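Step one of this worksheet: look at the structure below.
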Amino acid sequence: MTAVDTSILDNPAFAALNGPHSGFAERVGAAVRYPTDVSPFTAIPSDPTADDWTDLATLVGPGGVVAFGSPSGITPPTGWSVAFEGAGAQYVGDRVEAVRDERSVVLTGADVPEILDLIDRTEPGPFLARTVQLGTYLGIRQHGALVAMAGERLRLPGWTEISAVCTDPAARGQGLASALVRHVAANIIASGSTPFLHVAADNPARRLYEDLGFTLRAEVVFTALTAPSP
């Protein structure tokens, strides 16, 4: 696997929306975001100016909520309020054993109702009506029902994020999540990118990712901010 610069992962949504995912970008000045039915992530430069914060407020509108993930967290200016803050971790798949699994099927827009039902039951993180358009999402079915999934979310130069890793409680203990993560990683590596992912700091899945060959790159802070109201 070709070595690539990891510093771009300090502000991945900004790199994605100004790179491979620029086609999704809604922007005012340097402030960018995904459409609200695709992803909650919004981004500004790593060292934002007052103008950047003003552009962000214009982009999302009064009282709009924006989501960030950053190794150092983010400190908003006066008028913004913190709606949520939580600890997380960022891993890179520099040693992951990438193997495709013949049980995996590609999920499409037609599968969104089933995907959202699985997301509601397992809560792996935000997944919206058009999130499936961000990359290739794979699922495993048992008796016709979707019981596990994983896929690609943020795409930035040299890197692709693995996300929405989840398994129905009734199907856990069968290694389905591991199989899907390996398959998604294989697709990412075949495309010339390196996989990475984010996980909540207290999520037991961290051990799974480490066993699969992911390496901790940084502890991160997930933050949701509410824009100033008039």
Side-chain angles (χ1 to χ4, degrees), residues 4-77 80 82-86 88-93 109 112 124-137 150-164 184 187-188 191-199 217-218 220-228:
V4 290
D5 181 14
T6 64
S7 63
I8 196 172
L9 299 178
D10 288 343
N11 196 349
F14 189 79
L17 287 164
N18 286 286
H21 274 173
S22 60
F24 289 102
E26 298 177 350
R27 67 178 70 243
V28 173
V32 287
R33 73 171 178 181
Y34 286 94
T36 55
D37 60 349
V38 174
S39 171
F41 287 111
T42 309
I44 49 180
S46 296
D47 296 311
T49 65
D51 286 342
D52 293 332
W53 282 104
T54 298
D55 289 341
L56 182 60
T58 301
L59 176 63
V60 303
V65 177
V66 299
F68 298 94
S70 169
S72 57
I74 190 161
T75 303
W80 291 79
V82 177
F84 170 82
E85 191 169 77
Q90 184 185 79
Y91 283 83
V92 295
V112 167
F127 197 101
L128 305 169
R130 291 202 296 135
T131 301
V132 72
Q133 298 177 12
L134 292 177
T136 300
Y137 283 85
E152 302 166 352
R153 187 167 61 177
L154 298 180
R155 290 178 181 269
L156 43 154
W159 299 89
T160 301
E161 182 191 28
I162 297 177
S163 184
V184 174
N187 289 347
I188 291 170
S191 74
S193 291
T194 302
F196 74 105
L197 56 83
H198 294 94
V199 63
R217 175 182 177 263
V220 300
V221 180
F222 301 122
T223 309
L225 302 176
T226 303

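Note that the coordinates shown come from a computational prediction; the quantities given were computed from them, not determined experimentally.
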All heavy atoms of A227 vs all of G61, minimum pair found to be CB-O, 3.6 Å
Find out whether E152 and I188 are in side-chain contact, i.e. whether some heavy atom of one side chain is under 4.5 Å from a heavy atom of the other.
yes
Sort out for me which residue in I44, D55, N18 forms a side-chain contact (heavy atoms from CB on, under 4.5 Å) with V32.
N18
Smallest separation among heavy atoms of T226 and G63, with atom names:
CG2-O, 3.6 Å
Candidate pair Q133 and L128, rule side chain to side chain contact (heavy atoms under 4.5 Å, CB included), full reasoning:
CA-CA 10 Å; Q133 298 177 12; L128 305 169; over 6 Å; no
If we only count heavy atoms from C-beta on, is the V184 to T136 side-chain gap below 4.5 Å?
no
Flag the pair R130 / P35 as yes when at least one side-chain heavy-atom distance between them is below 4.5 Å, and no otherwise.
yes
One should read off an interatomic distance between W159 CH2 and L154 CG, to the nearest 0.5 angstrom, of 13.0 Å
Give me the ring orientation class for H198 and F222: parallel if the planes are under 30° apart, tilted from 30 to 60°, perpendicular past 60°.
perpendicular
Say you draw a straight line from CG of L9 to OH of Y91; how long is it, rounded to the nearest 0.5 Å?
14.5 Å
Can you tell if the side chain of L56 reaches within under 4.5 Å of the side chain of W80, non-hydrogen atoms only?
yes
Any chance the side chains of S46 and N11 put a donor and an acceptor closer than 3.5 Å?
yes
F24 side chain near S39 side chain, heavy-atom distance below 4.5 Å
no
Those residues at least two apart in sequence (or on a different chain) that pass salt bridge (charged side-chain N to carboxylate O under 4.0 Å, His left out) with D47 are none
Closest heavy-atom pair, G93 versus T194, reported as atoms and distance to 0.1 Å, is O-CG2, 4.2 Å
Just wondering, do F127 and V132 contact through their side chains at under 4.5 Å, heavy atoms?
yes
Of all the heavy-atom pairs spanning G151 and Y137, show the shortest one and how long it is.
CA-CD2, 3.3 Å
As an exercise, state the distance from CD of E26 to OG1 of T42, rounded to the nearest 0.5 Å.
9.5 Å
Where is the tightest heavy-atom contact between A30 and F14, given as atom of each residue plus distance?
O-CE1, 3.4 Å
Do T160 and P20 come close enough that some side-chain heavy atom pair is under 4.5 Å?
no
Indicate whether any N or O donor in one side chain lies under 3.5 Å from an N or O acceptor in the other, for D52 and T49.
yes
Does T131 use its side chain to pair, donor to acceptor, with the backbone of V38 at less than 3.5 Å?
yes
Are any side-chain N or O atoms of R27 and backbone N or O atoms of S22, one a donor and one an acceptor, separated by less than 3.5 Å?
no
Which atom of E85 lies closest to which atom of V221, heavy atoms considered:
CG-CG1, 3.6 Å
Is there a side-chain contact between R153 and P126 (heavy atoms, below 4.5 Å)?
yes
